[in-house]
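Excluded from the calculations below are hydrogen atoms, water molecules and symmetry mates; all remaining heavy atoms, backbone and side chain alike, are included. Naming convention: chains lettered A, B, ... in sequence-line order (proteins, then strands); numbering from 1 in each chain.
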Amino acid sequence: MAARRGRIAHRWRHRVRRFAITALFLAVATGLWHFQERELRDGLSWQGVTTWEDLTPLTFHRVLRNDGFLVGWSDVRVNPLWVSYLLQRVDDPSSGPRPGFRRDWRALWPISTESYFGSGYDRGHLAPNYAIAAVHGRGAQRDTFLMSNMSPQRPELNRRLWQRLEEVVMDHFVPRFAALQVITGPIFPARFQDNVLNRVGLVEVPQAFYKILVVPGDEPRALAFIMPQRVSGDEPLDDFLVSIDEVEARTGLDFLPQLAPASAEALEARVDTAGWGLEAVARLPGRF
DNA sequence: TTTATTGT
């Protein structure tokens, strides 16, 4: 009897030890994973990864990490709320052929490439094909064609005004400053119920789009734009300048959250175009 | 194809 009780106690000690070792291993592994994931995200986003100002169902999102850029994905809007990427000067910028649009299985909803057919909207890249391909390579280029990087854009915006802005970023601002942090995304009407049925397939249609450009460094510069869906496409780019604070007010997001409060105040509250040479490129004609 | 769908 005593011998049997001893055997049971021994078996339980064995089980407890095995459980403790497994738990310790899991804790270390998840700790390492989180550490590594944070390092990787920080490397893709200067002064912190975009987050929400107030957590509501309309600002909640999860971060999808791609090759070369991050996506703040909302399962409520069925849209990226923001994408974030760094561009550096490269010697011989070029991109391969367009790889074709692909479903992203990390998005909760089925967003097929066909849902845009006949909708009157383009599948508009948020992280752009050309700039990402030229700076981050072929694998990153492929990731820009995931449907989780798309938002419905009117053709006159996507192919003309927005395209001109992306071209100016890559051909003028990146060479000028050597590096640029870009954060871009959609803007929705203030009241969710006004727009809830305005969708392409499951994807809610934004009313406008923002793009924030930041020159990283000790004395950062920033430029921000908000462009509405309905444009002719030939407008001067500087017609659409806004402050970062205005983009935050319209999106409920907090950009550059790690920036020291004094720098944030100076950078985000004003529209300051000094040093960008924007006037010289604001009226360049479109490519298409 | 530094944009993309429509229609040939």
Side-chain angles (χ1 to χ4, degrees), chain A residues 66-69 79-80 83-104 111-186 199-201 203 205-206 208-211 213 223 225 227-237 240 277-278 280-288:
Chain A
N66 291 329
D67 195 353
F69 65 104
N79 263 268
V83 302
S84 177
Y85 52 96
L86 275 163
L87 298 177
Q88 288 109 11
R89 191 152 54 197
V90 287
D91 287 336
D92 226 347
S94 67
S95 70
R98 291 164 69 91
F101 297 92
R102 274 162 43 228
R103 171 117 187 241
D104 187 342
I111 307 161
S112 70
T113 57
E114 295 84 12
S115 46
Y116 283 68
F117 291 179
S119 68
Y121 289 93
D122 281 3
R123 296 168 289 194
H125 281 72
L126 290 185
N129 165 42
Y130 175 74
I132 295 284
V135 176
H136 296 284
R138 182 70 180 162
Q141 179 184 24
R142 256 184 239 113
D143 284 355
T144 69
F145 279 81
L146 289 168
M147 291 308 287
S148 54
N149 184 44
M150 301 300 151
S151 199
Q153 284 185 327
R154 296 239 84 118
E156 300 74 23
L157 175 65
N158 184 36
R159 305 176 195 190
R160 295 166 59 72
L161 186 65
W162 195 256
Q163 192 282 329
R164 283 167 55 219
L165 177 58
E166 289 181 340
E167 184 160 336
V168 161
V169 167
M170 195 51 189
D171 292 354
H172 295 275
F173 295 152
V174 171
R176 188 183 190 96
F177 297 115
L180 213 57
Q181 169 73 54
V182 186
I183 307 171
T184 196
R199 293 188 183 242
V200 172
V203 181
V205 178
F209 294 86
Y210 67 88
K211 191 180 287 292
L213 311 173
L223 230 44
F225 300 85
M227 294 179 168
Q229 289 275 21
R230 303 274 179 184
V231 293
S232 76
D234 298 319
E235 296 89 341
L237 299 178
F240 302 95
L278 178 61
V281 294
R283 290 162 197 274
L284 288 177
R287 183 176 288 263
F288 306 103

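- Between the OH atom of A:Y121 and the C1' atom of B:dT6 there is a distance of 18 Å, rounded to whole Å.
- Rounding to the nearest 0.5 Å gives a distance of 4.0 Å between CZ of A:R154 and CZ of A:R230.
- Heavy atoms of A:G118 sit under 4.0 angstrom from primed sugar atoms or phosphate atoms, though from no base atom.
- Relative to the side chain of A:N158, the nucleotides B:dT5, B:dT2, B:dT3 differ in distance, and B:dT3 lies closest.
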Chi angles and distances behind the side-chain contact (heavy atoms from CB on, under 4.5 Å) call for A:L146, A:R102: CA-CA 5 Å; A:L146 289 168; A:R102 274 162 43 228; 3.5 Å; yes
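- In this structure, A:G96 and A:F117 both approach DNA chain B, and ranking their closest nucleotides by distance from the 5' end singles out A:G96.
- Computed from coordinates, the A:H172 NE2 to B:dT2 P distance equals 15 Å when rounded to whole Å.
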A:L126/A:F69 under side-chain contact (heavy atoms from CB on, under 4.5 Å): CA gap, chis, key distance, verdict: CA-CA 10 Å; A:L126 290 185; A:F69 65 104; over 6 Å; no
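- Atom-to-atom, CZ of A:R154 to C1' of B:dT5 comes out at 13 Å; the value is rounded to the nearest Å.
- We find that NZ of A:K211 is positioned 17 Å from P of B:dT2, with the value rounded to whole Å.
- Between the base of B:dT3 and the side chain of A:R287 there is no donor-acceptor pair shorter than 3.5 Å.
- Going from atom CD of A:E166 over to atom P of B:dT1 covers 17 Å, rounded to whole Å.
- Between the P atom of B:dT2 and the CZ atom of A:R138 lies a distance of 13 Å, rounded to the nearest Å.
- DNA chain B is contacted by both A:Y116 and A:S95; A:S95 maps to the nucleotide lying nearer its 5′ end (nearest heavy atom per residue).
- Residue A:Q163 is tested with A:R159, A:R160, A:E166, A:E167 for a side-chain hydrogen bond (donor to acceptor under 3.5 Å, both in side chains); the sole match is A:E167.
- Using atom P as the reference point in both B:dT5 and B:dT1, the two lie 15 Å apart (nearest Å).
- In this entry the distance linking NE2 of A:H125 with C1' of B:dT1 reads 12 Å, nearest Å.
- A sub-4.0 Å separation between OP1 or OP2 of B:dT3 and a side-chain N or O of A:R160 is absent.
- You'll find a donor-acceptor pair under 3.5 Å spanning the side chain of A:D171 and the base of B:dT2, going by distance alone.
- Using a 4.0 Å heavy-atom cutoff across all strands shown, A:P97 reaches sugar-phosphate atoms only and no base atom.
- Rounding to whole angstrom units, CG of residue A:D234 and P of B:dT3 are separated by 18 Å.
- Other residues, nucleotides and ligands contribute over 12 non-hydrogen atoms within 6.0 Å of the CZ atom of A:R103.
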